[in-house]
Amino acid sequence: MKDSTKKVLVTGAAGFIGSHVSQSLIKQGYQVIGLDNLNDYYDVQLKRDRLKWFHDETNFQFEQLDLADREAMADLFSKHQFDVVVNLAAQAGVRYSIEHPHAYADSNLVGFLNVLEGCRNGNVKHLLFASSSSVYGENKKIPFAVEDRVDHPISLYAATKKSNELMAHAYAHLYDFKVTGLRFFTVYGPWGRPDMAYFSFTKTICEDKSIDVYNHGKMQRDFTYIDDVVEAVTRLVEKEPATNYKIYNIGNHSPETLMDFIEAIESALGKKAEKNFLPMQAGDVPATYADVQDLMKDVDFKPDTSLNEGIQHFVDWYRDYYNA
């Protein structure tokens with residue numbers, strides 16, 4: 001257990017990954033300040049229900065504000081002396097970025113700059129921030145390694161995440177503080193995001209409707225279970241970084257085909273899906289596959305929850321939460 005006076009800011013604390021990471025850090029004895037703007041990109045009630053986990057937690061304090069609000073962010077950093085910041089707040093979603101580009105500039109660029117400025121002015125020792133496997137874009141070499149060039153994003157979302165990495169590198173160099181980037185690979189599990197395929201597929205199958213299967217099912221994803229992501233992030237929070245700037249892949253190192261993924265959902269539900277096969281969507285990539293050697297070397301951990309096990313946990317939660 002850590003000294004409870006060690007204070008961590010978790011942005012996106014009402015979000016999927018942020019709420020789980022906050023819970024883990026509290027269990028480790030950290031004092032957590034959770035920030036979220038509770039926007040309506042998806043069901044706000046789901047976010048509020050995640051926050052109910054913390055109602056009786058003395059080591060958790062919630063702040064509702066927007067990363068893009070420069071004055072409010074400066075006030076937050078002046079009010080608290082954070083030892084560590086875990087920036088998980090962002091406008092997520094590849095497809096949404098095609099129709100709503102300004103939401104990504106506000107949250108992922110302006111908002112992230114405000115976080116960096118807060119860390120600089122607040123003498124924060126270590127910033128961890130969410131990047132994404134989408135930065136690999138059109139890369140053909142697999143598995144994706146952090147040493148690979150990532151110069152060909154194919155969505156604005158991916159471009160903003162690549163920008164975050166460049167901005168963070170500049171700040172780590174200029175102001176001499178530790179920065180760790182986290183390239184997440186298709187995170188899934190209970191309390192997940194309704195815009196993600198596993199969530200929408202489950203909902204659609206339960207409602208006896210057909211699911212849209214893009215690229216005619218010829219896609220692969222490195223699905224990473226939420227508990228594995230939380231374990232990796234928590235270990236990186238606890239580890240003293242050896243260098244000012246480092247990027248990690250947070251993935252299962254085990255790409256699964258889209259059809260196997262659908263079969264796992266069908267098996268967990270005990271129900272077959274009617275499939276509507278369609279071409280590839282704009283902004284999508286055919287495959288993701290994480291090289292996690294650095295994660296294994298530095299924190300002795302590798303995500304390894306099987307897809308069938310993880311999907312079963314999600315479906316059990318979904319049925320309970322929605323009385324499905």
CG/Asp212 to CG/Leu278 distance, rounded to the nearest 0.5 angstrom? 5.0 Å

Donor-acceptor contact present, side-chain Arg50 to main-chain Ser19, <3.5 Å: no

So does Ala103 get a backbone contact from the side chain of Ser107, meaning a donor-acceptor N/O pair under 3.5 Å? no

Can any side-chain N or O of Asn244 pair as donor or acceptor with the backbone N or O of Ala172 at less than 3.5 Å? yes

More than 12 heavy atoms of other groups within 6.0 Å of Arg70 CZ: no

Taking atom CG of Asp151 as the centre, does the number of heavy atoms from other residues, nucleotides or ligands within less than 6.0 Å exceed 12? yes

Return the orientation label for the Phe112 and Phe129 ring planes: parallel under 30°, perpendicular over 60°, tilted otherwise. tilted

Neighbour count above 12 (heavy atom, 6.0 Å) for Glu71 CD: no

Is there side-chain contact between Tyr136 and Ile142, with at least one heavy-atom pair below 4.5 Å? no

Geometric class of the His173/His169 ring pair [parallel <30°, tilted 30-60°, perpendicular >60°]: parallel

Which heavy-atom pair separates Gln293 from Asp291 by the least distance, and what is that distance? N-OD1, 3.0 Å

Hey, is the main chain of Ile247 close enough, under 3.5 Å, to the side chain of Arg183 for a donor-acceptor pair? no

For Tyr42, enumerate each residue passing the ring-ring contact (aromatic ring centres under 6.0 Å, His included) test, keeping only those at least two apart in sequence or located in another chain. none

Distance flag, aromatic centroids of Trp53 and Phe60, threshold under 6.0 Å: no

Taking side chain as C-beta onward, heavy atoms only, is Leu88 less than 4.5 Å from Val10? yes

Between Arg235 and Glu231, is the closest basic N to carboxylate O distance under 4.0 Å? yes

Does the plane of the ring in Phe223 sit parallel, tilted or perpendicular to the ring in Tyr188? Use 30° and 60° as the thresholds. perpendicular

Less than 3.5 Å apart, any donor N or O on the side chain of Ser155 or Ser97 sitting next to an acceptor on the other? no

Rounded to the nearest 0.5 angstrom, the CG-CD distance for Leu76 and Glu63 is 5.5 Å

Check whether any side-chain heavy atom of Arg149 lies under 4.5 Å from a side-chain heavy atom of Asn139, and answer yes or no. no

Those residues at least two apart in sequence (or on a different chain) that pass salt bridge (charged side-chain N to carboxylate O under 4.0 Å, His left out) with Lys272 are Glu266

So, do Met73 and Glu117 sit near enough that their side-chain heavy atoms are less than 4.5 Å apart? no

How long is the gap from CG on Asn108 to CG on Leu67, to the nearest 0.5 Å? 9.0 Å

Under 4.5 Å between any side-chain heavy atoms of Phe77 and Asn121, yes or no? no

Specify whether Tyr318 and Phe199 have parallel, tilted or perpendicular ring planes, treating 30° as the upper limit for parallel and 60° as the lower limit for perpendicular. perpendicular

For the rings on His100 and Tyr104, is their centre-to-centre separation under 6.0 Å? no

Output the distance between atom CG (Asp36) and atom CG (Asp66), rounded to the nearest 0.5 Å. 9.5 Å

Would you kindly say whether His253 and Lys302 are connected by a side-chain donor-acceptor distance under 3.5 Å? no

May I ask you to decide if Lys209's main-chain N or O and Glu274's side chain share a donor-acceptor pair within less than 3.5 Å? no

Look only at the side chain of Thr11 and the backbone of Ala89, and say whether a donor-acceptor pair between them is shorter than 3.5 Å. yes

Please check if the number of heavy atoms outside His55 that lie under 6.0 Å from its NE2 is greater than 12. yes

How long is the gap from CG on Leu116 to CZ on Phe177, to the nearest 0.5 Å? 5.5 Å

What residues form a salt bridge (charged side-chain N to carboxylate O under 4.0 Å, His left out) with Asp195, not counting sequence neighbours? Arg193

Between CG of Asp298 and NZ of Lys239, what distance do you get to the nearest 0.5 Å? 5.0 Å

Name the one of Asn37, Asp40, Asn39 that satisfies side-chain hydrogen bond (donor to acceptor under 3.5 Å, both in side chains) with Lys47? Asn39

Is there a donor-acceptor pair closer than 3.5 Å between any side-chain N or O of Ser267 and the backbone N or O of Glu263? no

Result of checking Val292, Val233, Val229 against Ile250 for side-chain contact (heavy atoms from CB on, under 4.5 Å): Val229

Once you measure the plane-to-plane angle for Tyr175 and Tyr171, does it fall in the parallel (<30°), tilted (30-60°) or perpendicular (>60°) bin? tilted

Any luck finding a side-chain donor-acceptor pair between Thr305 and Asp228 under 3.5 Å? yes

Minimum side-chain heavy-atom gap Asn308-Glu256 below 4.5 Å: no

Check: Phe185 main-chain N/O paired with Thr224 side-chain donor or acceptor under 3.5 Å: yes

Are the side chains of Lys246 and Asp294 in contact, using a 4.5 Å heavy-atom criterion? yes

Measuring only between side-chain heavy atoms, which start at C-beta, is Trp191 closer than 4.5 Å to Ile226? no

Can we call the ring centroids of Phe62 and Phe54 under 6.0 Å apart? no

Would you say that more than 12 heavy atoms from the other residues, nucleotides or ligands in this model lie under 6.0 Å from the NZ of Lys275, or not? yes

State, to 0.1 Å, how close Asn249 and Ala145 come at their nearest heavy-atom pair, and which atoms those are. ND2-CA, 4.0 Å

Hey, does the side chain of Lys271 reach the backbone of Ile205 with a donor-acceptor pair shorter than 3.5 angstrom? yes

Would you check if there is a donor-acceptor pair between the side chains of Asp222 and Asn252 at a distance under 3.5 Å? no

